[in-house]
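We're numbering straight along the sequence, starting at 1.
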Amino acid sequence: MVVPMFLFSEIMGHEDIKEHLQMAIREDKPFHAYIFQGEVGCGKETMARTFAAGLQCTAEQEVRPCGKCPSCKQIDSGNQPDVIWVTRELSSIGVREKINSEMAIKPFSSPYKIFIVPEAERMTEAAQNALLKTIEEPPEYGIIILLTSNMSAILPTIQSRCLTLEFRPLTTAAIEKYLIDNYHVVDYRARTSAIFAQGNLGKAIRYIESEDFEEKKNQVLYLLKNVRNMTVSEMLEKIKEIGEDKDNIKDYIDLMVLWYRDVLLFKATKNMNQLVFQSEFRAISEEANQRDYEKIEEILSAFDKAKLRLKANVNFEVAMELMLCTMKQ
């Protein structure tokens, strides 16, 4: 798994987390187990790789990683033997083979042996219990970093033995500036992507890099504004036009979530200035008048269920039809 390695100064936001991790590197006192908690796209993977690089960096300077020493170059290319990304099936067998057994082997050329586990919420209960003994009694050189977007799926016994760092949303202004500075896009496009990303830089970058994002966003808006005039089958066809790629469709479900949050917010406050979709005020106002609070909450719940079904590899059409039926009822 090759995730970009940056210098800490190049990572946007999360200043408290960066400060904490840099201090651990400077004082050579990292904790033995971490949980990086935050939604997909918030920068957990990049931060984990940069932290690992800093711990293994061989440069004689206070600010590490340097990005230039042999270890940093190995990490940047994904070939540092003592920084291991656990990307196999996270069953109890996989954890025992990949982490527990390899942790017993001393580092090849570095001060630490670091295991990074993306999507740690996917670990079965048996896998987490298999990992527990290693977290409780790690060797001096051993460090485990669990990355998760769903803290509730991590066993309390694991949580209590790890240091948890919470990745919070970035400001819209910070994301907008980043997109303008690094992607050289016009102001209004950067602003739109930043607003819809809701503090998630990874999501904003996907929006900017998608050549047809605006077109598909408009297709989503058409569907949302015409729920009452379309059959479920017509709505499903419109969803298929947007695409069946999981990550792609989740982004557009997120837009639907933002729309209905606007509907809920306007119903409660009658304040259009707080809306994400301010340009769609008339349609949002109409929807707010025609839906009761219970139904809006039911629709928002249907979006969450659809994303979970897609993640669990439920048939795309089935997952979408169940979601659309809730919107249509």
Counting N and O atoms only, with roles assigned by atom type, does the side chain of [X] sit under 3.5 Å from a partner on the main chain of [Y], one being a donor and the other an acceptor?
X      : Y      : result
Gln278 : Asn273 : yes
Ser210 : Arg206 : no
Asn200 : Val40  : yes
Lys216 : Ile242 : yes
Gln128 : Thr157 : no
Gln159 : Met151 : yes

message: Does Lys177, at its NZ atom, have more than 12 non-hydrogen atoms belonging to other residues, nucleotides or ligands within less than 6.0 Å?
response: no
So with a 6.0 Å cut-off around NZ of Lys29, is the heavy-atom count from everything else above 12?
no
Practice task
Please say whether the positively charged group of Lys267, taken as NZ for Lys or CZ for Arg, lies over the ring of Tyr293, i.e. under 6.0 angstrom from the six-membered ring centre and within 45 degrees of the axis.
Solution key: yes
request  = Give the C-alpha distance, both sets of side-chain angles, the deciding distance and a yes or no for side chain to side chain contact (heavy atoms under 4.5 Å, CB included) between Val83 and Gln74.
outcome  = CA-CA 10 Å; Val83 177; Gln74 283 181 318; over 6 Å; no
Any side-chain heavy atom of [X] within less than 4.5 Å of one from [Y]?
X      : Y      : answer
Ile205 : Tyr178 : yes
Leu310 : Ile253 : yes
His32  : Ile135 : yes
Thr192 : Tyr207 : no
Glu317 : Leu236 : yes
Ile17  : Glu166 : no
Glu39  : Lys203 : yes
Glu297 : Leu300 : yes

Per side chain to side chain contact (heavy atoms under 4.5 Å, CB included), Ile145 is matched among Trp85, Phe31, Phe51, Phe115 by Phe51
Result for side chain to side chain contact (heavy atoms under 4.5 Å, CB included) between Tyr34 and one of Leu21, Leu146, Leu147 points to Leu21
Residues Thr269 and Gln274: side-chain donor-acceptor under 3.5 angstrom: no
**Request:** For Asn150 and Thr148, test the side chains for any donor-to-acceptor distance below 3.5 angstrom and give the result as yes or no.
**Result:** no
Per-pair distances, 0.1 Å, donor-acceptor, side chain in residues 218-225, under 3.5 Å, sequence neighbours excluded:
from   : atom 1 : to     : atom 2 : distance (Å)
Asn218 : ND2    : Glu214 : O      : 3.2
Gln219 : NE2    : Glu241 : OE1    : 3.0
Lys225 : NZ     : Glu280 : OE1    : 3.0

Lys68 and Cys72 have their tightest heavy-atom pair at N-CB, 3.9 Å
Quick check on the hydrophobic clustering: are Met230 and Met323 connected, directly or via other members, by side-chain heavy-atom contacts under 4.5 Å? yes
Can you get from Val276 to Ile284 by hopping between Ile, Leu, Val, Met, Phe, Trp and Tyr side chains that sit under 4.5 Å apart?
-> yes
- Task: Would you check, one step at a time, whether the test side chain to side chain contact (heavy atoms under 4.5 Å, CB included) holds for Glu287 with Arg228?
- Result: CA-CA 10 Å; Glu287 188 75 0; Arg228 287 178 178 76; 3.0 Å; yes
Applying side chain to side chain donor-acceptor pair (under 3.5 Å) to Lys18 and not counting sequence neighbours gives Glu15
So the ring pair (Phe, Tyr, Trp, His ring centres under 6.0 Å) pairs with at least one residue in residues 258-286 (sequence neighbours excluded) are Phe196-Phe277, Trp259-Phe277, Tyr260-Phe303, Phe266-Phe281
Rounded to the nearest 0.5 angstrom, the CZ-OG1 distance for Arg191 and Thr172 is 6.0 Å
